[in-house]
Peer 1: 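Quick one: the structure is below, and I'll ask about it shortly.
These figures come from a predicted structure and were not determined experimentally. The analysis underlying the following values was restricted to heavy atoms, covering all of them including side chains, and did not include hydrogens, waters or symmetry mates. Here is the naming used below: chain letters follow the sequence lines, and residue numbers restart at 1 for every chain.
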Amino acid sequence: MGAPRPQRPKASIAIERIIEFVIRLSGVSAVFFVAAIFFFIFREAVPVLWDPDFDFAEFLFSKEWYPTSVNNVRYGTFALTIGTLSVTGVAIVLAVPFGLGAAIFISEFCSPKIKETLKIVIELLAAIPSVVWGFIGLTVMSKLIVSVTGTAVGVNLLNGGFILALMSVPVIVSIGEDALKAVPDSYREAALALGATRWETVFRVLLPAAKNGLLAAVLLGVGRAVGETMAVLMATGHAVQIPHGLLDSVRTLTANVAAELGEAPAGSSHYRVLFLTGVLLFAITLVVNVAADLAVRGIRRK
Amino acid sequence: MTRNRIVTTLALSGAFLGGTLLALFSPGCGKSGGGPAMTTIQVRGSDTMVNVAQAWAEAYKVAAPNVGVEVSGGGSGVGIAALEKGTVDIANASRNIKPEEAERAKKNTGKEPKEFIVGFDGLAIYVHKDNPMTEISLPQLAEIFAEDGKLTKWSDAGVTIPGASDDTIIRVSRQSSSGTYEFFREHVLGKRDFKLGSRDMNGSKEVVELVGSSKTAIGYSGMAYATPAVKILKLSAKPGEPAYEATVANTISKVYPLARSLQLYTLGEPQGEVKKYIDWILSPAGQKILAENGDVPLNPAGATK
């Protein structure tokens with residue numbers, strides 16, 4: 001049979017096994033954590049559903065949020081849901097064109113030197129803590145909005161949306177740029193060879209080729225906007241009402257939980273309803289994600 | 001690729017949310033720790049009192065270098081909720097503890113909360129300095145702030161705000177964990193609820209700041225928070241009755257309709273360093289600091305000297 005194949009030392013094999021196991025564990029842990037968070041939030045929220053005083057339809061569709069009323073407690077989150085959706089909507093309308101535009105510019109049009117600088121600056125933008133963004137909204141942006149529009153109060157829907165847009169742009173840019181970079185150079189070369197201009201290359205070739213990644217970039221931006229708490233708590237004015245314009249103050253689901261959970265006695269209906277708000281937020285993100293997943297499949301099938 | 005991204009999105013948003021929730025309901029940092037050399041007293045609660053509580057903590061460092069006092073705000077409700085769980089030594093409150101809160105504290109920790117009145121405060125009604133109004137009555141305030149209240153525009157109250165195109169009254173209120181919020185509801189609104197759509201600020205100072213930056217705003221906050229950008233309205237109990245300014249003298253004589261006491265709560269009779277600290281707050285040295293912060297001391301004649 002000839003000489004035996006050289007064997008690696010047993011220790012090295014064992015170590016490799018362990019490392020493999022650890023890596024696998026960290027991969028699976030993400031799933032575990034999501035499941036655990038689901039479990040704990042549901043566990044805290046669910047008992048209120050059997051409370052005779054609690055009406056689920058009122059929770060979803062009433063705009064009256066009176067958790068600490070003396071004689072008529074009402075838990076209606078409709079105004080808060082609208083608050084979350086409207087702030088996110090404003091943020092996305094502002095952030096997506098800027099974010100994708102910046103991603104296209106960085107990936108396709110600028111010189112390597114500018115590219116490096118821009119990427120560092122944008123990463124820096126992503127590293128600014130949300131409370132600092134909130135502070136900017138509360139002080140700088142609110143004064144700016146008052147002086148430009150002449151409205152009475154500067155902490156409002158527009159302010160919150162703008163701050164959230166600034167926070168989601170870095171996410172959209174860095175992931176969008178990755179998606180464009182992942183398009184093989186042969187596509188670009190082929191387009192050039194066919195006589196396409198740079199714009200035609202971008203719009204007809206690169207964007208269709210990178211659409212999944214770009215959609216993911218936008219979605220992560222949306223996720224950032226929906227889940228953000230501190231910055232919107234400070235910048236939106238924290239008023240329970242359905243906004244009639246960009247200059248009305250709103251309150252979001254997240255900000256409401258942050259402001260009220262500290263004083264809600266553990267186990268009380270108020271406390272459980274706040275956890276139910278958490279479940280509602282989960283549901284919103286889930287719907288967004290599933291819808292996007294379906295959209296991507298739809299695009300892919302064509 | 002997309003699948004992974006979506007899982008990541010889910011995980012991220014979940015982690016964000018979960019983190020927010022968990023961070024909030026985890027019962028703060030541990031109880032007074034440290035070795036025998038250093039004792040830490042945990043104080044939490046009223047935003048109205050957070051300034052004076054911090055001033056006390058600073059000054060107490062000099063009086064007793066071996067004791068550290070950690071102060072945080074959040075609202076009277078937050079402080080009392082922490083006391084119920086036994087995670088703080090002292091809860092500051094600008095309202096009285098409710099029977100059910102005392103009940104829960106006793107059930108959780110086996111100890112009865114004990115109250116120490118440390119000073120008084122007038123709850124001031126703030127408007128922008130350009131607002132021509134000079135006085136207001138409690139029923140008028142209720143019509144502005146309460147659910148189904150009739151006053152929604154300044155013109156309804158017979159006031160014209162110079163230079164404001166839209167004279168809708170902007171109500172500036174507090175978040176529901178605030179003792180000031182509860183005190184205002186109890187003493188101004190009675191059994192009624194707040195009208196929705198008020199700007200609910202997270203601190204006494206923020207209320208005054210927002211009122212100062214908006215000509216059509218009205219808000220309530222501790223009288224110690226006045227700035228040059230705002231004006232404090234005189235307040236009468238009923239229309240036609242004399243209105244009083246929110247001054248130290250009027251708060252002491254109780255003619256000001258929204259005078260209230262500021263208190264500390266401990267679990268059971270305070271022991272050791274906590275007892276020493278409260279004794280010091282009640283002493284002339286502690287009371288002087290309270291007076292310097294714009295609140296009203298227990299014995300004004302003695303402390304301001």
Peer 1: Would you indicate whether B:Lys191, at its atom NZ, is surrounded by more than 12 heavy atoms from other residues, nucleotides or ligands within a distance under 6.0 Å?
Peer 2: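 Not more than 12 within 6.0 Å, no.
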Peer 1: Tell me if the NZ atom of B:Lys129 is crowded by more than 12 foreign heavy atoms within 6.0 Å.
Peer 2: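 Buried by this count: over 12 neighbours within 6.0 Å.
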Peer 1: Would you mind reporting whether B:Ser213 and A:Lys143 have side-chain heavy atoms less than 4.5 Å apart?
Peer 2: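 No. Closest side-chain heavy atoms not under 4.5 Å.
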Peer 1: Can you tell me which portion of B:Arg104 sits under 4.5 Å from chain A's heavy atoms? Options are side chain, backbone, both or neither.
Peer 2: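 For B:Arg104, side-chain heavy atoms alone lie under 4.5 Å from chain A.
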Peer 1: What part of B:Asn202 lies closer than 4.5 angstrom to a heavy atom of chain A: side chain, backbone, both or neither?
Peer 2: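 Looking at B:Asn202, just its side chain touches chain A.
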Peer 1: Looking at NE2 of A:His238 and OG of B:Ser173, how far apart are the two atoms once the value is rounded to the nearest 0.5 Å?
Peer 2: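 Atom-to-atom, A:His238:NE2 and B:Ser173:OG are 10.0 Å apart.
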Peer 1: Specify which of B:Asp166, B:Ile170, B:Ile80, B:Thr216 makes the most heavy-atom pairs with chain A at under 4.5 Å.
Peer 2: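 Highest number of heavy-atom pairs under 4.5 Å: B:Ile170.
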Peer 1: For B:Lys98, which atoms come within 4.5 Å of any heavy atom of chain A: side chain, backbone, both, or neither?
Peer 2: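 Neither part.
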Peer 1: Identify the heavy atoms of B:Ser176 and A:Glu260 that sit nearest to each other, and give their distance.
Peer 2: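 So the two residues come closest at OG-OE2, 3.5 Å.
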Peer 1: Any side-chain heavy-atom pair from A:Leu138 and B:Glu209 closer than 4.5 angstrom?
Peer 2: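 A side-chain contact under 4.5 Å is absent here.
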Peer 1: Is it the side chain or the backbone of A:Ile242 that comes within 4.5 Å of chain B heavy atoms, both, or neither?
Peer 2: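 Nothing of A:Ile242, per the 4.5 Å heavy-atom cut-off to chain B.
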Peer 1: Look up atom CD in B:Gln175 and atom CG in A:Asn256, then write down how far apart they are to the nearest 0.5 Å.
Peer 2: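 These two atoms lie 11.0 Å from each other.
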Peer 1: Any idea which heavy atoms bring A:Ala259 and B:Ser177 closest together, and the distance?
Peer 2: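 For A:Ala259 and B:Ser177, the tightest heavy-atom pair comes out as O-OG, 4.2 Å.
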Peer 1: Do the non-hydrogen side-chain atoms of A:Glu64 and B:Asp193 ever get within less than 4.5 Å of each other?
Peer 2: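 SC-SC contact between A:Glu64 and B:Asp193 ruled out.
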Peer 1: So, taking the atom named CD in B:Glu147 and the one named OG in A:Ser69, what distance separates them when rounded to the nearest 0.5 Å?
Peer 2: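 Between B:Glu147 CD and A:Ser69 OG, I get 7.5 Å after rounding to 0.5 Å.
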Peer 1: Select one option (side chain, backbone, both, neither) describing which atoms of B:Leu196 are under 4.5 Å from chain A's heavy atoms.
Peer 2: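 The answer is both parts of B:Leu196.
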Peer 1: Return yes when atom CD of A:Glu58 has more than 12 non-hydrogen atoms of other residues, nucleotides or ligands closer than 6.0 Å, and no otherwise.
Peer 2: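 Buried by this count: over 12 neighbours within 6.0 Å.
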Peer 1: So, for A:Ser249 and B:Arg199, which heavy atoms are closest and what is the spacing to 0.1 Å?
Peer 2: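 A:Ser249 and B:Arg199 have their closest heavy atoms at OG-NE, 2.7 Å.
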Peer 1: Looking at A:Tyr66 and B:Phe194, what are the two nearest heavy atoms and their distance?
Peer 2: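 Minimum heavy-atom contact is OH-O, 2.5 Å.
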